Each structure stands twice: as C-alpha cells, then as structure tokens.
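Every value quoted in this text rests on a predicted model; they were computed, and no experiment measured them.
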Amino acid sequence: MAGHRADPAEPDAVSPDTSFSKEPTSRRRFLGYLLAAPTLVAAAELGGPTVFGAPAANAAGDTGGGIPPSPQLADSYDLTDALVHAARPTANLITITLDENGHAHFELHRTEVGQGISTTVAMLIAEEMDLPLEHVHVTLADARPELMTNQLTGGSSSVSSIYYPVRTAAAVAKGKLLEAASLVLGEQANFLSSKLGVITSSAGRSVSYGDLATKAASDSTKQVEADLKSESDFTIVGKPTRRIDALDAVTGRKQFTTDLDVPGAKPTMVCRPPTINGTVGSVNNAEQVRRMPGITDVVTISSGVAVRGETYGQCIDAVNALDVNWGPGPVDGESDATVEQKLKDATPPAVIPPTPATKTLERQYTFAFVNGSALGVNAAIADVKSDSAEIWSTLKIPIAAQEAIAELLGMAITQVTCHVIPGGGSFGRTLFHDAALEAAEISHKIGKPVRLMWHRADDCRQGRVHPMSVGTMRASFANDVVSFEQHHASVRTDFGHGLGDAVSSSVATHVPGVSYTVSEAIFLLTTPSFYNFGITKTLLTETHQSPENNQPRGGFNTSSVRNVYSPNTATTRELFVDELAEKMGMDPYNFRRKYVKNEKLLKVLDKAAEVGGYGQPTPNGVGHGIALHHEYKQTMACFVELDCRPETVNRKVRDGVTGPRVTRGVLVTIPGHVVVNPLGMEAMMQGGFIDGFAQALTASVHLDRGSIAEASWDNFFYCRQWNLPFEFTPVILPAEESETPAGAGEMGVAPAFAATACAYRAATGTTPTHFPINHNDPLPFEPYPHEPPLPPSPTNGLDYAY
Amino acid sequence: MPEHTFTLNGKQVTVDTEDNVRLLWVIRDLLGVTGPKYGCGINVCKACTSHINGKAFNPCSVQVADVEPDDEITTIEGLADTVESDLHPMQEAWLDHDVVQCGYCQPGQIMAAVATVRKARDEGRELSDADIEGIRNVCRCGTYFRIREAIKDGATRM
Ligand code: FES
Ligand code: FES
C-alpha cells in the first residue's frame with residue numbers, strides 16, 4: 001500500500017504521483033478589491049469573465065481500435081463546468097479579513113460536511129498570503145441571498161468553483177501587505193520577501209502581518225490588480241495536509257446542530273406516519289401525551305405530530321404513546337416489484353435498428369432504492385418570533401432554505417436568518433432543508449424555540465433515498481461494436497433544492513436552442529462516452545414525475561446520494577462491457593484496452609491493472625474486476641478483487657451481513673488540475689470506494705406497500721469493519737492540463753460500484769441482474785414495527801460493556 | 001423527581017429526572033456534555049460510545065437509574081484526563097493518521113478503540129485484526145481504513 005500513499009507524517013515529502021509539473025498557466029493577473037475597513041480586508045468577485053478559460057474538450061477517438069463514438073454533451077461540457085459557470089454571474093464578493101494578530105479570517109460560502117473543504121480553502125489562503133496554516137480561520141457563512149446559485153455545495157464542484165476567486169482575494173491582501181511593509185521597512189516592495197506571516201527586507205529588518213493589519217487597511221473601497229503566485233512556487237497547496245478541524249472532532253469539541261446551546265431550544269421530535277408521506281388525521285390523546293414526564297408541547301404539523309420536551313428520550317416515549325389516525329400516503333400501492341415493473345415498462349425499444357450484418361446483445365440490470373442518511377440525522381434549531389426567524393442547520397443551499405422558510409412564515413427573506421452548521425455527513429441529504437423547514441413550522445406553531453432531531457428510524461424511512469432505476473443496454477457488433485445504446489429508467493430524482501436550476505440555466509446558455517429538463521441536463525452532463533463503439537446513445541426516462549409527485553410530500557422522497565445517476569449508469573455500462581467482451585471473445589481488460597477512446601483512459605486502466613495485479617491467478621471463487629469512469633474532472637479506473645468463496649460468504653456476524661468480501665481495491669485517477677490536498681483527496685477516494693462496493697453487495701432499502709423496512713444501521717447494510725477490504729490503494733497520477741481543479745467528494749462511488757459488479761461476475765461466473773446482489777434474498781432482519789414509529793431504546797446496554 | 005448521582009469525567013454530578021431516562025440524554029440534554037453523539041438510540045451505531053468504569057458501553061441503552069453513585073462515566077471530553085495529558089495517545093494517533101472526515105462518529109470510534117486495546121491487553125494478548133473487525137461503530141463517511149491504521153498505531157503508544 002505504501003508506494004502510492006501521501007504520507008502526512010513527512011510533511012516535506014511530496015508524493016511523486018501528485019506533482020503538477022505541467023503547469024498550464026504561470027503567473028496570472030486577476031482583478032480584486034480592497035475594502036474600506038479598520039484592518040486589511042481584501043476581496044474578489046466570485047467568478048467573472050477573466051477567471052475561467054473555456055473548458056477543454058476531451059479528445060475523442062484517439063486510441064487504437066474501433067469506431068469513434070458519436071459525441072456526447074459531457075465529452076466537452078460536463079456537470080462540473082455547469083456548476084462552475086453557475087457560480088459566475090454574481091457580482092458579489094468574498095472577503096478575507098486580517099486581524100491585528102496577523103490571522104486571516106474567511107467566511108466560507110460552502111458547507112463543510114466532512115469533505116474537507118474548509119481545510120482546502122485555508123490551504124489556498126495560507127499559500128497565497130504566505131501565512132502559517134494555523135493562522136487561517138475558516139467559518140461557514142450564513143445564507144447570503146445575493147450570492148444566488150453561488151452558495152451551493154453540490155456536485156463535488158466546490159474546489160473547482162472557488163480555486164481562483166479565493167486565491168485572488170488572498171493575493172490582493174498580500175500585495176497590500178507588501179506595500180505597507182515597504183513604507184515601514186523603507187525598501188521597495190519587490191525587494192521584500194514574505195514568509196509565515198512576516199515580511200523581511202533585504203537588509204534583514206522585518207515586520208509581522210499583525211503589525212501591518214491596520215497600516216495596510218484601506219480607507220476607501222477600490223479595485224486593484226493582483227498577481228497570483230505561480231503554481232510551481234507552491235509550498236502548501238499540493239502537500240498532503242491534515243484537516244484543520246480534526247482536533248475539535250477528536251476531543252468532542254466540534255459542535256453539530258444538536259450540540260448547540262440555543263436558549264430555550266428544547267429537544268423536539270416528530271411522530272411520523274407508517275407509510276411514506278402518509279397524511280395526518282386526528283390525534284386522539286394529545287392532552288394525555290402532553291402530561292407525560294418532561295413533555296412541554298404536542299402539536300400537529302404537516303408531516304406528523306411534533307412533541308417537545310426536556311430530553312430526547314422523553315420525546316421518543318411521547319412519540320410512541322401518541323394515538324394518531326393516519327391517512328394514506330401517495331405511494332402506498334408501491335413495492336419494490338411494482339416500481340421495477342414501471343421502470344421496465346417505461347423503457348422504450350432500441351433507437352438504433354439492428355442490421356442483418358450485425359449481432360445484437362441486450363441486457364437489463366435493476367438497482368434498488370438506497371438509504372441516503374448521513375450518520376448525523378436530519379436536525380435543525382428554529383426560533384420563530386412574530387417578526388423574525390432564526391435557523392441553525394446543515395444547509396448546502398442555505399438560500400433555498402431561507403426562501404422556503406420565509407414563504408412558510410409569510411415573512412420577507414430579510415426577516416429569516418439561516419446559520420450554516422457543519423454537517424455530520426451529507427451525501428446529498430443536506431442539499432435539502434427538510435429539517436429546517438419542519439423546525440420552523442413547529443416553532444411557529446408553538447411559539448417557542450425548538451431543537452428538532454429526526455430519529456434514526458425516521459431518517460431511514462421518511463428520509464430521502466437514492467431512487468430505484470433500471471439500466472438497459474443494447475449493442476450491435478460484428479468485428480467491432482457499431483452501436484452502443486444505454487437507457488436509464490429511474491424513479492424521479494428530486495432536484496427541487498436549487499442545484500437543478502443552477503445547472504439547467506448554465507446548460508441553456510451553453511447549448512442554446514435545445515431545451516432540457518433539469519434531470520435530462522444533469523444526466524447528459526454526467527454521461528460522456530468512453531469507448532470507440534460507433535453510434536453511441538444515452539437516454540434518461542423518469543417515472544413517478546406526475547405533477548402530484550412533484551408536490552412536497554407528493555411521491556417518494558428522493559435525492560442524489562453521494563452522486564446522482566453515475567453509480568448506476570457506470571455499473572450498467574461497465575458490466576455490459578464485460579458481457580460484450582465475452583461475446584466478442586476477449587477478456588474484459590484487453591477488450592477495454594482495445595476500445596477506450598483516449599490515452600488518459602488507457603493510462604488509468606493500465607495503472608489500475610498493474611497496481612491491482614489484474615489477471616494474476618486467483619483461487620476458485622475469487623475474481624478480479626476493472627472499470628472505467630470519468631466525472632468531476634477526474635479520469636478514473638478502479639480495480640477490485642472479490643472473494644466469493646463459501647468460507648468467506650458465510651462468515652457469521654451478529655446482526656450483520658457478511659457475504660462476498662472485497663479483499664483488495666485500487667482506485668486510480670488523473671485529476672483535472674492541481675490537487676490542493678492529496679491527503680484529503682485520498683480520504684474521499686477511500687470513502688467513495690467503500691460506498692461503491694457496499695452498494696454493489698449489501699446496501700439498499702426494501703419498499704413494501706409504501707413503507708421502507710429498514711430502520712437502523714443493523715438493517716441498512718452499509719460497510720462495517722467486518723466488510724472492509726484488507727487493502728486499498730488510492731493512486732493520484734500527475735494532473736492533466738486543464739484549468740479546473742477536480743472534485744473529489746463523490747468521485748470513487750461509480751467506478752468502485754462498477755468494478756465490484758465486474759469482479760462478482762469474474763468470481764462466480766454469474767452476471768448479477770439486481771443490485772445490491774443480496775437485495776432479493778430473504779430479509780436478514782425482522783423489521784421494526786411502523787406503528788408506533790420508533791424502536792424503543794433498550795435498557796440492557798450494560799450487558800454489552802467491554 | 002428522583003435524584004441520580006454518579007461521576008462524570010471526574011466530577012460528581014446529580015440530576016433530577018425520571019428513572020427510565022437513558023443516560024445519553026442525561027449526559028447530553030441535562031448536563032450539556034455533547035461529545036457522545038446520537039446515531040440510533042438502540043445500541044447499534046455506537047456513536048454514543050463512552051466508558052463506564054473504564055469499559056466501553058452505550059449510554060443510549062442504559063437507564064439512569066441503573067447507574068450507581070460510585071460509577072465513573074467517561075466521555076470523549078474526559079478521556080485525556082484519564083492519562084493526565086492534553087490528548088490521549090489514541091487521539092494523537094487519530095490526528096496523525098488524519099482519520100476524521102465529518103467527525104460525527106469519531107468520539108465513539110476513539111472510545112471504542114481505547115476499550116478494545118485494553119480488553120485485549122487484559123486478556124493477555126496484543127490487538128488483532130479480529131478485534132478491530134469486532135468494533136461495530138458505523139462511520140458513514142467511510143474512514144474505516146484510517147481507523148484501522150490509527151488503532152494499531154495508538155495501541156503501540158498506550
Ligand atoms: S446512539 Fe447509542 S448506539 Fe447509536
Ligand atoms: S467521520 Fe463522518 S461518520 Fe465517521
């Protein structure tokens with residue numbers, strides 16, 4: 001494992017694989033601002049025409065065999081481009097403030113949910129200002145309506161969007177510091193050098209940033225030019241760097257929403273219906289429940305019946321004691337089988353007709369609903385008064401929350417303050433503001449502050465899930481593949497949170513004359529072509545998208561879950577490529593080598609095969625899979641070795657599932673540009689890889705007549721220590737020439753899912769048609785009842801002490 | 001309401017609440033100590049893992065009435081004090097291996113790791129991979145690889 005790891009223990013060691021010698025831009029000049037303030041405040045516009053070059057197109061058809069594919073939108077313009085462009089139109093500023101101790105402060109308009117964005121941004125500022133990393137303080141900005149689509153944390157686009165603006169503001173600040181120091185030290189600015197927050201003259205005299213903070217302050221707001229550091233001079237960016245918020249996390253000091261001490265905001269929970277989005281009828285014993293120990297309030301709201309009390313434990317008891325007449329929900333008639341049938345019925349026949357000279361292969365794979373919970377459950381604090389509302393929650397699109405809450409309360413947006421709190425994970429969940437809106441409704445109705453927390457069972461059963469889908473593949477081939485058609489039928493993904501609007505308006509500008517729905521736009525932006533397979537077509541159809549389903553609580557509660565379509569579309573494509581290879585008499589690796597459409601894909605493919613040891617002999621029941629993917633400005637290949645031998649598959653773990661085990665994994669990437677923090681990117685590669693194989697093997701939820709069976713982590717089988725591969729190697733190859741740094745948060749999921757599916761086929765000789773592969777086995781747990789809704793807390797915890 | 005007394009992070013505390021309130025809520029909601037996290041309330045996710053008299057346990061599944069006055073409860077906030085230092089060696093290992101992503105599971109992971117190492121020692125053996133695989137704590141961010149490295153390293157420093 002050692003060879004390719006970024007090693008934090010040796011801060012000076014740059015992993016050779018993460019260097020960025022081929023720098024496309026050396027010193028570059030951008031416009032920034034100095035703001036009138038008592039100490040130095042530098043700013044830059046988010047986006048702006050000078051900052052971004054045109055996105056580089058992927059060259060197609062430049063490797064060996066096959067017929068070049070017909071061009072796909074995502075070959076030249078992808079989701080990252082759309083989100084970066086969505087960040088451009090705002091004429092509003094991000095600012096860096098220097099205090100009198102020489103520390104820089106930055107309010108980040110992105111949300112930290114574990115992806116490490118605050119560390120990345122702190123590194124950019126420290127680099128450009130020549131400050132020690134510890135002297136940079138990053139906090140999360142409240143909702144800022146003027147930022148519009150720019151205050152949005154989604155699609156792994158954060159680093160891509162803010163790389164230049166943040167550096168520009170920091171460069172403006174440093175320029176002004178040098179100017180002020182030149183007066184103090186009596187030397188021209190270009191004879192001065194700056195290091196670790198101190199500026200030194202050629203004569204050896206020095207002055208600290210702290211001493212310059214007021215001297216460098218501007219008494220008027222003005223536009224200035226700033227030179228960005230040349231990337232070849234970077235000493236912090238590109239070095240494996242530990243997270244700046246880790247100390248708080250390991251000491252228990254890091255505060256999440258439910259940890260905040262907002263006066264009067266007592267624990268609050270909601271009694272929810274037994275079926276998805278069921279309706280609330282009458283409550284038969286509200287008064288009685290209100291008199292239970294510790295309970296202060298019981299109130300009916302649109303999603304259920306809320307209780308507020310002294311402790312969450314007492315709220316759980318009160319929720320379970322409520323006697324409510326529930327009405328039906330919008331999807332009570334739906335189960336896994338009915339949804340799967342609808343998806344298959346929605347799949348149109350092949351678009352590309354077969355010819356007498358070609359053979360045809362057609363396959364179909366089904367992907368179950370997947371739980372979208374983070375470990376931190378949905379939570380929000382709300383304090384609604386008659387003329388104002390204050391909200392605290394993990395909000396990836398805080399402006400959308402602010403608008404929705406203002407509308408609910410009949411207030412102006414300016415009367416609603418939304419504080420953005422770091423999240424206990426997100427994976428797409430906190431793109432939505434479900435908890436914040438609900439908390440506002442409860443606080444409004446009872447006239448008191450509330451600290452709303454969803455129970456884990458609620459988070460599993462009424463929380464958002466990754467939609468079920470059916471992937472259909474059709475190819476015609478003779479000596480080469482002449483057509484390749486991929487159809488993705490999916491339950492509607494809810495994009496009602498604003499990300500969709502950002503994307504579709506960018507696409508509308510970029511591809512004039514064609515109008516796409518939000519879903520179509522995102523689908524097209526994430527499905528580039530990979531292989532020289534001739535006429536290439538990808539198509540999306542969504543079910544469950546009638547107007548009623550688009551109402552709040554109108555259909556399934558869906559969202560992206562660490563990626564939108566790609567885990568399922570990549571697995572469909574790559575598994576089918578394996579089947580096609582067999583039909584055409586080649587092994588999966590050499591088949592891909594022959595047909596990949598460009599050198600970058602070939603390079604990552606070969607690297608993954610080499611590091612993983614693809615094709616080395618394995619015992620019976622153990623197999624190798626390899627898969628390709630491109631997204632977020634990353635060109636990736638993943639290798640998986642999967643052990644499907646009975647002694648492994650049948651291991652016993654109390655209340656857990658085992659099954660096939662990934663024994664070795666490799667994820668190789670060529671990133672789009674400088675990797676700001678390779679150690680952070682490796683962490684994302686590890687997490688994404690785990691998500692991918694878990695979704696291939698064990699992780700799904702089961703829908704039965706409108707109810708989800710799963711209610712805990714012992715039901716929803718995401719990876720636990722006993723499922724972990726023995727070995728995983730992330731490999732970051734030198735960056736390609738592009739101006740857009742790559743996104744990392746979701747990158748590993750799709751290729752890992754696909755490679756695991758391919759490895760299963762290699763290990764067992766059986767091609768799975770349903771994912772996860774254990775989804776249609778008898779349920780390995782007894783579902784908790786849906787009424788009363790919450791599994792009561794056990795009392796025998798001490799019996800398990802160790 | 002009944003009174004309950006026990007030691008929390010080295011200090012004697014007394015709370016007034018119903019007997020059946022689970023200890024997690026007593027610690028978090030009544031005493032304001034928020035290091036132990038809620039992730040399920042049914043002894044599954046292990047985000048609330050803390051120590052009782054030096055052993056790992058899950059306060060979401062213990063009634064406050066079942067805690068005795070001489071019981072010593074330690075949460076992540078009190079871990080370093082047990083070795084009279086700013087950081088416990090396991091916390092240091094966690095930082096060195098840059099384990100943390102969102103951090104929500106990490107207090108529980110660290111408390112579980114310390115107890116797992118101690119248990120192996122008490123049984124007269126060193127930490128094994130099987131011991132680590134026995135740790136049930138969920139990390140939805142997928143920090144499991146680094147957790148595994150950090151526990152092994154932390155064990156050598158304990
Ligand atoms: S909250 Fe205690 S084990 Fe999950
Ligand atoms: S670090 Fe996020 S759940 Fe473990």
Heavy-atom pair of closest approach, residues A/Leu679 and B/Arg146 = O-NH2, 2.9 Å
Is it the backbone or the side chain of B/Ala130 that comes under 4.5 Å from a heavy atom of chain A, or both, or neither?
-> neither
Given the options A/Gly656, A/Ala246, A/Ala711, A/Gly116, which has more heavy-atom pairs under 4.5 Å with chain B than any of the others?
-> A/Ala246
Counting only heavy atoms closer than 4.5 Å, note whether A/Asp261 contacts chain B via side chain, backbone, both or neither.
-> neither
Taking every heavy atom of A/Ala801 against every heavy atom of B/Phe57, the minimum-distance pair comes out as CB-CB, 4.1 Å
Under the side-chain contact (heavy atoms from CB on, under 4.5 Å) rule, what do B/Val138 and A/Arg720 come out as? Steps first, then yes or no, please.
-> CA-CA 6 Å; B/Val138 172; A/Arg720 308 281 276 269; 3.6 Å; yes
Ignoring hydrogens and geometry, is there a side-chain-to-backbone donor-acceptor pair from B/Arg28 to A/Thr258 under 3.5 Å?
-> yes
Contact leader toward chain B among A/Lys254, A/Gln255, A/Arg451, where contacts are heavy-atom pairs under 4.5 Å | A/Lys254
Please lay out, stage by stage, how B/Lys37 and A/Leu375 fare under the test side-chain contact (heavy atoms from CB on, under 4.5 Å).
-> CA-CA 9 Å; B/Lys37 301 297 178 217; A/Leu375 192 61; over 6 Å; no
Stepwise, does the side-chain contact (heavy atoms from CB on, under 4.5 Å) test hold for B/Gln101 with A/Val113?
-> CA-CA 8 Å; B/Gln101 288 189 26; A/Val113 291; over 6 Å; no
Per-residue contact mode, A/Thr119 against chain B (heavy atom under 4.5 angstrom) | neither
Answer key: most heavy-atom pairs under 4.5 Å with chain B among A/Glu310, A/Met453, A/Gln115 is A/Met453
Whatever's closer than 4.5 Å to a heavy atom in chain B on A/Asp691 counts as side chain
Proximity breakdown for A/Pro791 and chain B, heavy-atom pairs closer than 4.5 Å | both
Considering only heavy atoms and a distance below 4.5 Å, find which of A/Asp714, A/Leu790, A/Leu724 pairs most often with chain B.
-> A/Leu724
Side chain from CB out, backbone as N, CA, C, O: work out which of these in B/Leu30 comes under 4.5 Å of a heavy atom of chain A, or both, or neither.
-> side chain
Any B/Asp96 side-chain heavy atom under 4.5 Å of A/Arg242 side chain | yes
Answer with side chain, backbone, both or neither: which region of A/Leu247 has an atom nearer than 4.5 Å to a non-hydrogen atom of chain B?
-> both
Within-4.5 Å side-chain heavy-atom neighbours: B/Arg136 and A/Val653 | yes
Inter-chain contacts: residues 10-26 of chain B against chain A, heavy atoms under 4.5 Å = B/Thr17, B/Glu18, B/Asn20, B/Val21, B/Arg22, B/Trp25
Using a cut-off of under 4.5 Å for heavy-atom pairs, which of A/Asp799, A/Ile690, A/Thr795 has the most such pairs with chain B?
-> A/Thr795
Determine which residues belonging to residues 115-123 of chain B lie within contact range of chain A, meaning some heavy atom pair is under 4.5 Å apart, and list them by number or answer 'none'.
-> B/Ala115, B/Thr116, B/Lys119
Nearest 0.5 Å, what's the OH-CZ distance between B/Tyr144 and A/Phe689?
-> 14.5 Å
Assess whether atom OH of A/Tyr800 is packed by more than 12 heavy atoms of other residues, nucleotides or ligands within 6.0 Å.
-> no
A/Arg243 side chain to B/Cys102 backbone, donor-acceptor under 3.5 Å | no
Heavy atoms only, distances under 4.5 angstrom: which of A/Asp317, A/Asn723, A/Thr311 has the most pairs with chain B? Name it, please.
-> A/Thr311
B/Arg140 and A/Trp713 have their tightest heavy-atom pair at CD-CH2, 3.8 Å
Under 4.5 Å from any heavy atom of chain B - which part of A/Pro725 = both
Got a second to check how far A/Gln721's CD is from B/Asp129's CG, nearest 0.5 Å?
-> 9.5 Å
Could you have a look at B/Ala56, B/Cys139, B/Pro107, B/Cys60 and say which one has the most heavy-atom pairs with chain A under 4.5 angstrom?
-> B/Ala56
Could you please state which residues from residues 38-52 of chain B sit under 4.5 angstrom from chain A, measuring non-hydrogen atom to non-hydrogen atom, sorted by number, or 'none'?
-> B/Tyr38, B/Gly39, B/Cys40, B/Gly41, B/Ile42, B/Asn43, B/Val44, B/Cys45, B/Ala47, B/Ile52
For B/Glu92, look at atom CD and say whether over 12 heavy atoms of other residues, nucleotides or ligands are found less than 6.0 Å away.
-> yes
Which atoms of A/Tyr312 approach chain B - backbone, side chain, both or neither, heavy atom under 4.5 Å | both
Using the ring of each side chain (for Trp, its six-membered ring), is A/Phe256 parallel, tilted or perpendicular to B/Tyr104, with breaks at 30° and 60°?
-> perpendicular
Pick one of side chain, backbone, both or neither for B/Ile110, based on which atoms fall under 4.5 Å of a heavy atom in chain A.
-> side chain
Can you say whether A/Asp248 sits under 4.5 Å from chain B via the side chain, the backbone, both, or neither, judging by heavy atoms?
-> neither
If one checks every heavy atom of A/Arg654 against chain B at 4.5 Å, the contacting part turns out to be both
Between A/Gln314 and B/Asp29, does a side-chain contact (heavy atoms from CB on, under 4.5 Å) hold up when you go through it step by step?
-> CA-CA 11 Å; A/Gln314 289 158 323; B/Asp29 299 342; over 6 Å; no
Chain A-proximal positions within residues 74-88 of chain B [heavy-atom distance under 4.5 Å] | B/Ile76, B/Glu77, B/Leu87
